[in-house]
Number of protein chains: 2
Amino acid sequence: MSEAPTSVACSNCSLRELCMPAGLAPGELARIDELVATRRKVRRGTALFQAGEPFTSLYAVRTGFFKTCVASGDGRGQVTGFQMAGEIIGLDGIVNDRHTCEAVALEDAEVCVMPFDRIAELAREVGALQHHLHRVMSREIVREHGVMLLLGTMNAEERLAAFLLNLAQRLHARGFSSSELVLRMTRQEIGNFLGLKLETVSRTFSRFAEQGLLEVRHRQVRIADPARLAGLLPNPGGT
Amino acid sequence: MSEAPTSVACSNCSLRELCMPAGLAPGELARIDELVATRRKVRRGTALFQAGEPFTSLYAVRTGFFKTCVASGDGRGQVTGFQMAGEIIGLDGIVNDRHTCEAVALEDAEVCVMPFDRIAELAREVGALQHHLHRVMSREIVREHGVMLLLGTMNAEERLAAFLLNLAQRLHARGFSSSELVLRMTRQEIGNFLGLKLETVSRTFSRFAEQGLLEVRHRQVRIADPARLAGLLPNPGGT
DNA sequence: CGGAAGTTTGAAGATACTCAAGCGCAGTGG
DNA sequence: CCACTGCGCTTGAGTATCTTCAAACTTCCG
């Protein structure tokens with residue numbers, strides 16, 4: 001929709017360490033700047049892309065917050081992930097040149113548009129970029145393994161604890177507090193990610209609050225006792 | 001363990017369409033033959049690789065049947081997939097040069113060992129291989145989205161129906177019957193994949209048999225009414 | 001052939017879901 | 001500025017589904 005031909009440079013971007021390969025030669029870095037054709041603003045509640053749309057580009061989140069969802073024929077949907085600054089969206093489209101999930105902004109957002117054929121072309125010449133791309137895709141596969149473990153083996157408390165700790169950790173890596181967080185998504189959306197109904201999510205929040213693990217005021221969450229919250233996870237000596 | 005320096009040629013392999021890119025120039029095909037360093041036999045019940053092991057290679061299943069599992073700190077485990085001839089195993093290892101899941105042979109099996117650095121090197125020169133690799137990784141991401149939908153939104157009957165139809169479809173693509181199948185995995189392993197207990201899997205099989213959807217004798221399954229079985233899925237106009 | 005492993009089935013119980021009602025905050029318009 | 005409306009959140013009561021525990025049976029493999 002709003003394709004602003006903003007002048008852009010990854011080389012100056014504060015998110016560079018998050019979404020670009022490390023250890024590039026200066027010349028290579030300059031070439032990677034060419035990757036990001038444009039930026040694109042996405043209004044809260046609107047889709048960056050939808051299922052079925054032709055695939056052209058990967059997107060790096062610059063600001064804002066996204067969810068990605070797959071839908072089954074009837075109304076049911078599964079949120080496959082939430083993406084924040086520095087994270088890559090759109091890898092699902094590569095197989096069939098068509099997106100199979102949709103990406104929706106949970107708040108006004110901006111993404112860097114990276115045409116995939118240009119990425120592929122440059123990856124053939126810049127080894128570090130090639131390796132980075134492989135790692136990004138592999139990381140997504142491993143992340144999804146974790147979600148499968150969550151959905152397949154954990155109860156409601158474990159799921160919510162894992163979700164909150166993961167969110168906190170990612171926010172912390174971006175310089176935010178690791179204990180104070182503002183949820184960008186509704187209880188419904190959390191439920192659609194965790195495989196729970198929104199009432200169950202709400203009840204579990206309340207139970208955590210009663211137990212002194214959290215302080216919850218709507219979307220404002222403080223992790224009061226991170227150690228005990230982490231103790232709920234089935235992953236004591238986690239990787 | 002058993003690394004046999006078998007002489008190997010993808011160009012003659014009957015599985016070529018499954019695991020190699022299409023439309024290669026003759027010269028390119030010859031170079032891809034170099035990719036497969038060796039084959040490796042894996043005995044039933046033993047691991048092709050384990051979580052924590054250094055990552056070196058991707059593996060293409062030649063014969064046999066695998067499961068891949070992730071484990072949480074305590075005993076719990078989630079089967080992330082079952083792999084058959086022509087399918088690729090090991091993509092999880094790329095991110096951190098270390099495997100995060102284990103791959104176990106469910107029956108005596110053989111795989112083609114493809115050193116990843118050699119794949120990456122060749123992908124830089126052969127565009128079709130590069131694109132193929134991207135597609136393989138993206139396909140895995142999309143497949144996992146489907147599993148997440150299954151685990152997050154479906155009940156026991158829907159899960160088992162989806163599992164059986166998926167298995168039948170993949171076997172059919174390999175020239176086997178699409179209605180007659182022999183399960184290579186235990187009820188326990190099916191349960192660990194579908195997020196159900198083995199008893200629930202067993203009961204659901206029995207219920208399907210009562211309803212005339214299946215004929216089940218232990219691991220021998222005949223899909224008696226594929227249409228009605230497919231009708232159970234939440235995906236009437238599915239992609 | 002014998003034992004271990006895998007499968008089936010039943011009964012009781014736990015967890016999460018459904019249905020329902022009420023509350024609270026945010027944004028809108030009087 | 002305040003009331004109003006809508007959406008999201010919370011909480012309760014009853015219910016469905018899946019799990020747990022247990023026992024018996026079958027198959028497979030050594």
Side-chain angles (χ1 to χ4, degrees), chain A residues 43-45 67 74-79 104 106-108 150-164 182-211 214-221 232 234, chain B residues 43-46 65 67 74-79 104-108 150-161 163-164 182-211 214-221 232 234:
Chain A
R43 300 301 275 267
R44 170 200 169 97
K67 66 170 177 181
D74 56 356
R76 285 181 266 182
Q78 174 69 26
V79 172
V104 175
L106 297 180
E107 57 185 8
D108 288 356
L150 179 147
L151 292 172
T153 73
M154 298 188 197
N155 64 26
E157 295 199 346
E158 293 167 334
R159 293 182 197 197
L160 188 61
F163 169 70
L164 290 173
V182 178
L183 301 176
R184 259 54 208 229
M185 66 295 283
T186 66
R187 301 290 191 260
Q188 170 91 67
E189 287 163 333
I190 296 173
N192 285 350
F193 178 57
L194 297 180
L196 301 170
K197 296 296 163 184
L198 70 95
E199 295 96 328
T200 304
V201 173
S202 180
R203 277 183 238 276
T204 309
F205 267 118
S206 301
R207 207 172 320 139
F208 281 173
E210 282 168 27
Q211 296 170 358
L214 302 178
E215 287 167 25
V216 184
R217 263 212 328 274
H218 312 279
R219 302 216 182 162
Q220 191 86 29
V221 175
L232 292 179
Chain B
R43 301 301 275 265
R44 170 201 169 97
T46 66
F65 215 91
K67 66 171 177 181
D74 56 356
R76 285 181 265 183
Q78 173 71 24
V79 172
V104 175
L106 299 181
E107 57 185 7
D108 288 357
L150 180 147
L151 292 172
T153 73
M154 298 189 197
N155 64 27
E157 297 201 344
E158 293 167 333
R159 291 182 198 198
L160 188 61
F163 169 70
L164 290 173
V182 178
L183 301 175
R184 261 53 207 227
M185 66 296 284
T186 66
R187 300 289 190 262
Q188 170 92 66
E189 287 163 333
I190 296 172
N192 285 350
F193 178 58
L194 298 180
L196 301 171
K197 295 297 163 186
L198 70 95
E199 295 95 328
T200 305
V201 174
S202 180
R203 279 183 236 276
T204 308
F205 267 119
S206 300
R207 208 174 317 139
F208 282 173
E210 282 168 27
Q211 297 170 358
L214 301 179
E215 288 167 25
V216 184
R217 264 212 326 274
H218 312 278
R219 300 213 184 165
Q220 190 86 29
V221 175
L232 292 179

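Just the heavy atoms: all of them, side chains too, but no hydrogens, waters or symmetry mates, feed the values below. Throughout, protein chains are lettered first and strands after them, A, B, ... in sequence-line order, and every chain is numbered starting at 1.
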Taking only the side-chain nitrogens and oxygens of [X], find out if one of them lies under 4.0 Å from OP1 or OP2 of [N].
{"X": "Arg203(A)", "N": "dA16(C)", "result": "no"}
{"X": "Thr200(A)", "N": "dC17(C)", "result": "yes"}
{"X": "Arg219(B)", "N": "dC28(D)", "result": "no"}

Rounded to whole Å, how long is the line connecting atom [atom1] of [X] with atom [atom2] of [N]?
{"X": "Leu160(B)", "N": "dT17(D)", "atom1": "CG", "atom2": "P", "value": "16 Å"}
{"X": "Arg187(A)", "N": "dC25(C)", "atom1": "CZ", "atom2": "P", "value": "13 Å"}
{"X": "Gln188(B)", "N": "dT7(C)", "atom1": "CD", "atom2": "P", "value": "9 Å"}
{"X": "Arg184(B)", "N": "dT27(D)", "atom1": "CZ", "atom2": "P", "value": "18 Å"}
{"X": "Leu196(B)", "N": "dT20(D)", "atom1": "CG", "atom2": "P", "value": "11 Å"}
{"X": "Glu107(B)", "N": "dC29(D)", "atom1": "CD", "atom2": "P", "value": "11 Å"}
{"X": "Arg217(B)", "N": "dT27(D)", "atom1": "CZ", "atom2": "C1'", "value": "12 Å"}
{"X": "Glu158(A)", "N": "dT15(C)", "atom1": "CD", "atom2": "C1'", "value": "12 Å"}

Atom CZ of Arg219(A): over 12 foreign heavy atoms under 6.0 Å: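 Yes.
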Output the single nucleotide from [options] whose closest atom is nearest the side chain of [X].
{"X": "Val216(A)", "options": "dC9(D), dT10(D), dC17(C)", "answer": "dT10(D)"}
{"X": "Glu199(B)", "options": "dT7(C), dT11(D), dT20(D)", "answer": "dT20(D)"}
{"X": "His218(B)", "options": "dT26(D), dA16(C), dT9(C)", "answer": "dT26(D)"}
{"X": "Ser206(B)", "options": "dC18(D), dT9(C), dC9(D)", "answer": "dT9(C)"}
{"X": "Asn155(B)", "options": "dC18(D), dT8(C), dC9(D)", "answer": "dC18(D)"}

At 4.0 Å (heavy atoms only), tell me whether [X] reaches a base, stays on the sugar-phosphate, or touches nothing.
{"X": "Gly191(A)", "value": "nothing"}
{"X": "Gly45(B)", "value": "nothing"}
{"X": "Thr186(B)", "value": "sugar-phosphate"}

Residue pair Glu189(A) / Val79(A): nearest heavy atoms and the distance that separates them: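 Heavy atoms of Glu189(A) and Val79(A) come nearest at O-CG2, 3.9 Å.
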Closest-nucleotide 5' rank along DNA chain C - winner of Arg159(A) and Leu198(B):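 The residue whose closest nucleotide sits nearer the 5' end is Leu198(B).
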Euclidean distance, Arg184(B) CZ relative to Lys67(B) NZ, rounded to 0.5 Å: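 Rounded to the nearest 0.5 Å, the NZ-CZ separation comes to 15.5 Å.
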Nearest-0.5 Å distance, CZ of residue Arg187(A) to NE2 of residue His218(A):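 If I round to the nearest 0.5 Å, the distance is 8.5 Å.
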side-chain contact (heavy atoms from CB on, under 4.5 Å) between Phe208(B) and Val216(B), worked out: CA-CA 9 Å; Phe208(B) 282 173; Val216(B) 184; 5.9 Å; no
